[in-house]
Amino acid sequence: MKDIGEYRHREIEERWSRFWIEKAIYHVEKPDPKRKFSIVIPPPNVTGSLHMGHALNATLQDIIARWQRMKGRQVVWVPGFDHAGIATQYVVERQIQEEGKSRLELGREEFLKRVWEWVPRSREAIRTQFEKLGVSVDWKRERFTLDEGFSRAVRRAFRELYEAGLIYRGEYIVNWCPRDRTALSDLEVEHEEEKGKLWYIRYPLEDGSGYITVATTRPETMLGDTAVAVHPEDIRYKHLIGKRVRLPLVSWKRRTLSGEEVDELIPIIADERVKMEFGTGAVKVTPAHDPNDFEIGKDHKLPFVKVMDEGARMNENAGEFAGLDRYEARRRIVERLREEGLLEKEEDYVHSVGKCYRCKTVVEPMVSVQWFVRVTDPRIRSTSIKVVEEGLLEKEEREVHLQLAEVQGLTVTVPVVDDVSGHTKAVVVLSEGVEFLAGVREGELAYIYYPEGRKDILERAKELAYRFAEKGGFEFLIGLEGEFSVIRQGLETRIDRGKYLLVHEGGKLNLYDGDTLRHIQVIETGQARLEPAQKSIKVKVERKKSVLERKRQVFFIPEHWKKFYLDWMYNLKDWCISRQIWWGHRIPVWYCEDCRSVNVFTDDDFDRPYDKIIFNLIADGKIGNEFTPEEIEKVLKSPNFVHPEMTVLEFYKKFAFHKYHSTDMDANSLRLFFTQEANPVAMLTPGISTRGLYRYDPKTKRWRMVLRCKRCGSENLKQEEDVLDTWFSSALWPFGVFGWPENTEDIRSLYPTDLLVTGFDIIFFWVARMIMMGTYFMKDIPFSDVYVHALVRDEKGQKMSKTKGNVIDPLDIIEKYGADALRFTLAILTVQGRDIRLSEKRFEGYKHFANKIWNASRYILMNTPDDFLSRIPYMAQMRPEDRWILTRLNETAEAVNKALENYDFSKAAHAIYEFFWSDFCDWYIEMTKERVYRKAPEENEEERTRVEAERTTALYTLHYVLEKALRILHPFMPFITEEIWHRLPSADGETISLKEFPEKRQDEMFPEDAGKIERLREIVTAVRSLRSDLQIEPSKRLKAYYRTERRETKTLVEELKHHILNLARLEAFEEVSGKPEGTVSTFSGDLEIFLSVEGEVDIGRLKETYRRRREKVLSELERVNRKLSNENFLKKAPQEVVEKERRIKEELEEELMKIDRVLSILED
RNA sequence: AGGCGGGUAGCUCAGUCGGGAGAGCGCAGCCCUUACAAGGCUGAGGUCACGGGUUCGAGUCCCGUCCCGCCUACCA
């Protein structure tokens, strides 16, 4: 007997999260592709701390991961982080600014050093938070989008796309952030409504015949105007088309990007994109500073005049305004226009303004040269649409051989082995009556055994095999008519004689009715082997062609996100991937200064491991262009960033190349390598060629890796300064983490992944790009299910944000209420298609639930004798309440499994909550107290044995149910369940998280007993309710009587009387034929109950209750009567509905009668 | 402007196939009963946003209106 004290979540959670990591419980070294369940974490970026959205995301994934793992799948959940280019650079830049410096002063190399110093601190913080949440990820597989392997993969991806013509460099209008001094993709711009002004400006006609008025919100861009456009059908302006206007204020020559002079006399052009209704119907055209104008400018071959620099200051084209900030320039320009009488009017105007998602600076549309991925190319877009819209069908034809074995005296033994531990859980012995067995190899029906001469049975076997194959596949099936036995831990269970079909499918051994094919029960879960034996055998082989069809489709859950995704895909624009920042993957392009050609280098240009590694170090900026062997050694021997337990070199071998395992690189071997290569004598040494790849500079005493232009051989190369959009690397995540571009075992067994859980806000940023890159590079979808979860909002429905100050920090919640409570709360609030409104209060309720679990377990453990296990063989028969709780337990297992299959987290959580609290704690535990607390009489041996046997039964059931309930709860509340589970005497194994997830077992369903207990609950509640109305204190034991005309009710009451006495606090409950003196009556269904009361009681309240009940019954009766007196209803409604209504009517009438009787007595 | 989601108890939300309106929290009353006061028992509380339609029957399906939220586009 042990008292486990009170629930202390901090201690428990800390202990187990450490345990899971230290023991690497969730690491799977070599997953079996058939049983794997793979999932990659949406990499949280390294800048943020974990917010509620991350906590929700991680919780939902972990619930599915733990559940799948317990169901026998080998779950590989890969964690990691992304480097968040702009966001990280922004954070570090701010730190530097605080020191009074700028990144430009610091220089690229020094700046990156600072970032690398900062990133691990931030990353550690996030990792710790994940650990606190209890995520069951495989930390040994952790990756980073900027690690050595990913950097290499990114370069390879860039090269492949470039060589396929899917990446191009071009002059294009982009969203430019003048603060971060970089281009942004469309998705990185947030639009916000803002109050501004609309200025109407007069552009005088060249011939002096008047002017044309244009409207603008950004007057400063007028300096870059190269045309005025009107609609071709606009009668107001039709006559002006082709004429020219003089651009006001501009008296200087402006130049285009290529240096040509541009006149201040600009044409009036016609373009259908101009909206006649807007403004004046005439629009100024600034091709270099407006997306629309850019299009118009291109079509009309207008000159492009850029008037601002990278910091949005006016440039030399702005003449007298040059050097001014864009807003200052706007002010002055408006002023000047007003002075010159060219400002017609000024209106207040609300319009939406694009801002940088990171620093909130207003973006400036600007023409610049950028790199783009041609995602609109059918090779990318069409596939990405197809895999979501309808799926890609893949067909593979092959010849299969079906062995038909005619046998005599067939018997079969089927050992079932636990998925995780490998222990044999059960052996099914079929020693007679086996009719046939059919088995599958590599997804094809491979053999059928059948009795000699029984072609009919063979046909039946074939038919069943095809039917099950269609249903979802199976490993083998056995048809039998007879009885058989299942042996578990030396205990044999016989299954009654009958016609059965035993099917091993989806990691379960299922029993079906042989005729109706109704599912009877799961015999056992795990991997089953087939061991047939026979007296004689004759084998024939049947050959046939088989077409293997596989559908590759990505499913969005909830489904409506599919439309969201497709709409975007159909309106896709090319993806700007270059960013003018320093933190990220530098674009692997080297421009030839001599022949101007573009060279893309990757380590594929080299074939020796040394060259490859050195090239990667340079390209990653880990070493400079000039280096010494010692520097290389130092880098390679230093701890790796992602996995500090290994060196950089080891990381290269394990995670980047997946080979060269015996290669070592130190300063000496490098020096030798370089000198051999540089030494002309080496030319004479067979096997070593001098490629002149390395060159020594005796002055600096440093080596250099010489890259040459692939076209002209020039060494005069300059690497592109820009880096890639972070999402470019994130797009490679689902296969990059498994070792792409190498063809690794992990890729073969883990890609495509099974599930992606993410928020809708990054469907375009990330999900779509993963689908694009996944289908392009891997020729397969990156994941089959995408579960899109809600946004976490505050209690008022507003987004949580630091600036609003309404964030709830998951860490605070974990500290106060525990990670289990946090997880359970998030899960139970997760309803598809609805955002989560969160307030701190909500966590409290579910902490109470955790507490409840703890205390129920405490009760059980407190009353469990030390020799409990050895008493089990002597336990008494189970009682109805035992069988009832087993029934409810199995119903709950079924409900939770079903809900989780549909990603219905709320329903799953509700089911287990309801079961544990309302059924198990409130009723079952209370019912067991009678058996658990009963003192066994010392003197009476027989009686003592009986009482103890009864107690053992109660405890056995309590333990049995608790243990299974803990397993059901585990995916939701991993810590508390792990803790309690280890304290159970029956606990066997290292962790509950590798135990089997409960399934409904038909042999534990007892509907009859369940019905009895439900009825008992009603009766008890009726008595309690009466007591409450009479305001009798709960502790007082009262006498009561009952009367019923139904025999079954009487039997039930007599059988369960002890419960009624205990639960309703009665002294006695005797049958009477009429209402005894001094009692107050009530009823429950057909059962009349008389409660004896002493002295004066206040019956006012009771009367009130009954009057209310009477009215309710009356109104319901009215509804039912209305229905039943409607001829159409009787005629058209289904028979069972009509009968149901009739039944309801009878019940209501009976109830009304009873209420009236009670009331009339009360009135006396 | 277009699209999507939502409007059910005081609050937060479930509600399957169209067939007796549910849960949690909160509230009220009674109770420290040997797991738990972070608890037990009992109870009150609803014009299912509004209007129309389909139907024997509508919270559920259809149309319209009004609110709320989000997304996309335009915004000279």
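When only modelled atom types and interatomic distance are considered, A:Y859 and A:T928 share a side-chain donor-acceptor pair under 3.5 Å.
In this structure, A:K1036 does not reach the B:C41 phosphate: none of its side-chain N or O atoms is under 4.0 Å from OP1 or OP2. In terms of phosphate contacts, A:T1105 brings no side-chain nitrogen or oxygen within less than 4.0 Å of OP1 or OP2 of B:G43.
Taking the six-membered ring where the residue is Trp, A:F824 and A:Y846 present tilted rings, their angle falling between 30° and 60°. The aromatic rings of A:F849 and A:Y913 are tilted relative to each other, their planes meeting at an angle between 30° and 60°.
Proximity note for A:R1108 (side chain, C-beta onward) versus B:U33, B:A44, B:G40: the nearest is B:A44. Candidate nucleotides B:G3, B:C71, B:U16 were compared by shortest atom distance to the side chain of A:K907, and B:U16 ranks first. When each of B:A14, B:C41, B:C36 is scored by its nearest atom to the side-chain atoms of A:V831, the top-ranked nucleotide is B:A14.
Across all strands shown, B:U72 pairs with B:A1; the Watson-Crick or G-U wobble distances both stay below 3.5 Å.
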* To do: Show your reasoning for whether side chain to side chain contact (heavy atoms under 4.5 Å, CB included) applies to A:I976 and A:H9.
  => CA-CA 8 Å; A:I976 190 175; A:H9 65 268; over 6 Å; no
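Both A:Y859 and A:K847 lie near RNA chain B, and the one whose nearest nucleotide falls closer to the 5' end is A:Y859. The 5' end of RNA chain B is approached more closely, in terms of each residue's nearest nucleotide, by A:I925 than by the other of A:I925 and A:N1128.
Going from the P atom of B:A28 to that of B:C71 covers 40 Å, rounded to whole Å. Comparing B:U8 with B:U60, their C1' atoms sit 12 Å apart, to the nearest whole Å. When the C1' atom is used for both B:A58 and B:C48, the distance is 11 Å, rounded to whole Å. Going from the C1' atom of B:C32 to that of B:A49 covers 46 Å, rounded to whole Å. Separating the C1' atom of B:G19 from that of B:G24 is a span of 27 Å, rounded to the nearest Å. Atom name P, nucleotides B:G29 and B:C36: the rounded distance is 25 Å, in whole Å. Here the separation of B:C17 from B:G59, taken at their C1' atoms, is 15 Å to the nearest Å. Taking the C1' atom of each, B:A9 and B:A14 are spaced 13 Å apart, rounded to whole Å.
A salt bridge links A:E1141 with A:K1123: the distance from a Lys NZ or Arg NE/NH1/NH2 to an Asp or Glu carboxylate oxygen falls below 4.0 Å.
Of the candidates A:V283, A:I201, A:T286, A:T216 forms a side-chain contact (heavy atoms from CB on, under 4.5 Å) with just one, namely A:I201.
In this view, A:F915 satisfies the ring-ring contact (aromatic ring centres under 6.0 Å, His included) rule with no residue, not counting sequence neighbours. Residues meeting the side-chain contact (heavy atoms from CB on, under 4.5 Å) test with A:S1028, sequence neighbours left out: none.
Rounded to an integer number of Å, the gap from OH of A:Y565 to P of B:U72 is 17 Å. Rounded to whole angstrom, the span from the NZ atom of A:K898 across to the C1' atom of B:U16 amounts to 9 Å. Nucleotide B:C70 holds its C1' atom 10 Å from the NE2 atom of A:H560, rounded to whole Å. Protein atom CZ of A:F760 is 14 Å distant from nucleotide atom C1' of B:G6, rounded to whole Å. Between the CG atom of A:N1126 and the C1' atom of B:G57 there is a distance of 8 Å, rounded to whole Å. Here B:G57 presents its P atom at 14 Å from CD of A:E1127, a figure rounded to the nearest Å. Between A:I836 atom CD1 and B:G5 atom C1' there is a gap of 15 Å when expressed in whole angstrom units. As rounded to whole Å, 17 Å separates atom C1' of B:G5 from atom NE2 of A:H789.
Annotation: side chain of A:N863 is not in contact with side chain of A:R951 (no heavy-atom distance under 4.5 Å).
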Expected string for nucleotides 19-31 of chain B under the B/S/- scheme (protein heavy atoms, under 4.0 Å, primed atoms plus P, OP1, OP2 as sugar-phosphate) is BB---SS---BSS
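Contact of A:K852 with B:C36 (side chain to base): a donor-acceptor pair of N or O atoms is detected under 3.5 Å.
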